[in-house]
Asks: 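Okay, here's the structure, questions in a sec.
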There are 2 protein chains.
Amino acid sequence: MSTEITERQQEIINVSLALITESGIQSLTIKNLAKRIGFAESAIYRHYENKIQILLAILDFFKRNTEQLFSNQLNSNENALVRIEKLFVTHFRKFANTPSLVAVIFSEEIFRNEKELSTKVAEIMNLNIASLTTIIKDGQQKGEIRNDIEASHLATMILGSLRMFVKQWSMSNYSFNLEKKGNELSNSIKTLLVP
Amino acid sequence: MSTEITERQQEIINVSLALITESGIQSLTIKNLAKRIGFAESAIYRHYENKIQILLAILDFFKRNTEQLFSNQLNSNENALVRIEKLFVTHFRKFANTPSLVAVIFSEEIFRNEKELSTKVAEIMNLNIASLTTIIKDGQQKGEIRNDIEASHLATMILGSLRMFVKQWSMSNYSFNLEKKGNELSNSIKTLLVP
DNA sequence: CTTTGTAGTGTGAATATTCACTCACATAAA
DNA sequence: TTTATGTGAGTGAATATTCACACTACAAAG
């Protein structure tokens, strides 16, 4: 039901993401959306009740994309260091291929007004931190990750590093190769985590 | 000259910060500003040419506040680990006392439209990363910080951890004691950095 | 001491623009 | 006939900004 999505709805989300990538969340207006699709503005409302629903759909897209990366590693039984490395690699690949996701990450302040939106943002982040913490605890028990630091602290640091790195990339106008440089960062993190 | 600021201008900035703290950057409108001061909207323009200038002044306030924390440690000659610890402690204290700064940190996406603003944001962040990198390199040379990881990576991780932690705090509606919990995180970071 | 000019500050009304959203109507397919 | 989809015109609210006008403090000129 609620997960089913029509072709037009998908198109609206795709165009939304394109607009966000090009000029930020601020440029995501009904007018711009309709213009890009080749639509009248009023036609949008045949497919989404209001703009909030579109933003929620975008957050859903974001959620599905990142959540999957975490759960993939959550359900793997490789060495925890490898799992965390893969977390980095897959994230950087995803962001490099879908830069709109980056704009979404850092648009949380814009979602702050609408309760439904800010709740969803918090929900996504808490879920990701929880998954990561689980992976770390598991690695600590198996002796794959150093045991002298609280798992939640390590999770904060790892996720924080990831975000900060992506932020640096976006602030440099995507001037370096995220995947390649990201690998180096990932190796540094691994070195820190090793017991 | 340009750094001189009148009483009214200071009042406008103070009220701006209060508005941002209470309900986010989105609520910083000329109307709200004027209402809170007890002003006509038009009176604002006697003191600032336009809204952009107000936002720039806010960023300046932010810049002065954080820059100082970095340069204090930059010019100290204590053990690098202690300097980094102090960086954490002073940041957390500052954020706890001036929560509007948190909203400013995470409002970068909103500043993205105006070139002048986004440039300033990038400038602030690059400066902070550079200061931190200098401190780390110094510590590495003196054998106070582990040498097997690139200083720039460590800087990304440290700053990323700091931001992520503050984000978690703000997302929890400031439900925990930032300074106290921040101390624990700071200790974990120190443990990671030690050679 | 008084007049006059001026700079600084505040006001209320008006402006243009942008925004999300509505609605009566049209059309085509099933 | 019904359902889904699209349209064009319009609405009201919010936004930043402008402008002619008014008041005050104060210093220079008479």
Side-chain angles (χ1 to χ4, degrees), chain A residues 1-2 4-20 22-59 103 107 109-118 120, chain B residues 1-2 4-20 22-59 103 107 109-118 120:
Chain A
M1 284 279 124
S2 65
E4 275 172 38
I5 202 170
T6 67
E7 258 182 61
R8 264 298 198 220
Q9 284 181 317
Q10 188 58 57
E11 190 184 3
I12 290 173
I13 299 307
N14 290 344
V15 171
S16 293
L17 291 171
L19 287 172
I20 290 173
E22 288 162 27
S23 9
I25 274 266
Q26 306 256 50
S27 72
L28 177 57
T29 64
I30 301 294
K31 191 180 188 174
N32 288 343
L33 216 40
K35 198 194 302 169
R36 182 69 73 91
I37 295 179
F39 240 172
E41 291 179 45
S42 46
I44 302 274
Y45 294 91
R46 294 285 175 210
H47 305 281
Y48 280 104
E49 196 191 332
N50 52 38
K51 193 179 171 183
I52 308 267
Q53 304 308 314
I54 297 177
L55 289 168
L56 280 173
I58 291 173
L59 281 181
S107 296
E109 185 64 24
I110 293 176
F111 299 140
R112 178 170 158 180
N113 281 359
E114 212 63 37
K115 196 159 220 164
E116 219 176 338
L117 293 173
S118 59
K120 187 143 199 133
Chain B
M1 285 277 124
S2 62
E4 275 172 39
I5 203 171
T6 67
E7 256 181 63
R8 264 299 199 218
Q9 284 181 317
Q10 190 57 58
E11 189 184 5
I12 289 173
I13 300 306
N14 290 344
V15 171
S16 295
L17 292 171
L19 287 172
I20 291 173
E22 288 162 27
S23 11
I25 275 264
Q26 307 256 50
S27 72
L28 178 57
T29 65
I30 302 293
K31 191 181 188 172
N32 287 343
L33 215 40
K35 197 194 302 170
R36 182 69 73 93
I37 295 179
F39 240 173
E41 294 178 42
S42 46
I44 302 275
Y45 294 91
R46 294 284 175 210
H47 305 280
Y48 280 104
E49 197 191 331
N50 52 38
K51 192 179 169 182
I52 307 267
Q53 304 308 314
I54 297 177
L55 289 168
L56 280 173
I58 290 173
L59 281 180
S107 296
E109 185 64 24
I110 292 176
F111 299 141
R112 178 169 158 182
N113 282 359
E114 212 60 37
K115 196 160 221 162
E116 220 177 335
L117 293 173
S118 59
K120 187 140 201 138

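Nothing here was measured: the structure is a model prediction, and the numbers come from that model.
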Asks: Can you pull every protein N or O that's under 3.5 Å from an N or O on nucleotides 11-17 of chain D?
Replies:
unit_1, atom_1, unit_2, atom_2, d
D/dA16, OP1, B/Lys51, NZ, 2.7
D/dA16, OP2, B/Ile30, N, 3.0
D/dT17, OP2, B/Tyr45, OH, 3.0
D/dT17, OP2, B/Lys51, N, 2.9

Asks: Please give me the minimum heavy-atom distance between B/Ser107 and B/Ile25, naming the atom from each residue.
Replies: OG-CG1, 3.0 Å

Asks: Among residues 8-17 of chain A, which ones have heavy-atom contacts with DNA chain D below 4.0 Å?
Replies: A/Arg8

Asks: Got a sec, which residues hit side chain to side chain donor-acceptor pair (under 3.5 Å) with A/Arg8, two or more places apart in sequence or on another chain?
Replies: A/Glu11

Asks: Taking protein heavy atoms under 4.0 Å as touching, what does nucleotides 25-30 of chain C look like 5' to 3' if B marks base contact, S marks sugar-phosphate-only contact and - marks none?
Replies: B-----

Asks: Give the table of side-chain donor-acceptor pairs shorter than 3.5 Å for residues 39-56 of chain B, with sequence neighbours excluded, one pair per line with atom names and distance.
Replies:
unit_1, atom_1, unit_2, atom_2, d
B/Asn50, OD1, B/Ile52, N, 3.2
B/Asn50, OD1, B/Gln53, N, 3.1
B/Lys51, NZ, B/Leu28, O, 2.7

Asks: side-chain contact (heavy atoms from CB on, under 4.5 Å) with B/Ser16: which of B/Ile12, B/Leu19, B/Asn14?
Replies: B/Ile12

Asks: Give a yes or no on this: more than 12 heavy atoms of other residues, nucleotides or ligands lie within 6.0 Å of atom CD of A/Gln10.
Replies: yes

Asks: Could you measure the distance from the CD1 atom of B/Ile5 to the CD1 atom of B/Ile13? Nearest 0.5 Å is fine.
Replies: 5.5 Å

Asks: Taking side chain to side chain donor-acceptor pair (under 3.5 Å) as the definition, give me every residue that meets it alongside A/Gln26, ordered by chain and number, with sequence neighbours left out.
Replies: none

Asks: Taking atom P of C/dT18 as reference, at what distance in whole Å does atom CG of B/Asn113 sit?
Replies: 13 Å

Asks: Rounded to the Å, how far apart are B/Phe39 CZ and C/dG12 P?
Replies: 12 Å

Asks: If the condition is salt bridge (Lys or Arg N to Asp or Glu O under 4.0 Å), which residues does B/Arg36 pass it with, not counting sequence neighbours?
Replies: B/Glu22

Asks: Give a yes/no on whether any side-chain N or O of B/His47 is located under 4.0 angstrom from OP1 or OP2 of C/dG10.
Replies: yes

Asks: Take atom CD1 of A/Ile44 and atom P of C/dT22, then tell me their distance rounded to the nearest Å.
Replies: 14 Å

Asks: Partners of A/Asn32 by side chain to side chain donor-acceptor pair (under 3.5 Å), sequence neighbours excluded?
Replies: A/Thr29

Asks: Test of understanding: with side chain to side chain donor-acceptor pair (under 3.5 Å), list the residues that count as partners of A/Lys120, not counting sequence neighbours.
Replies: A/Asp60

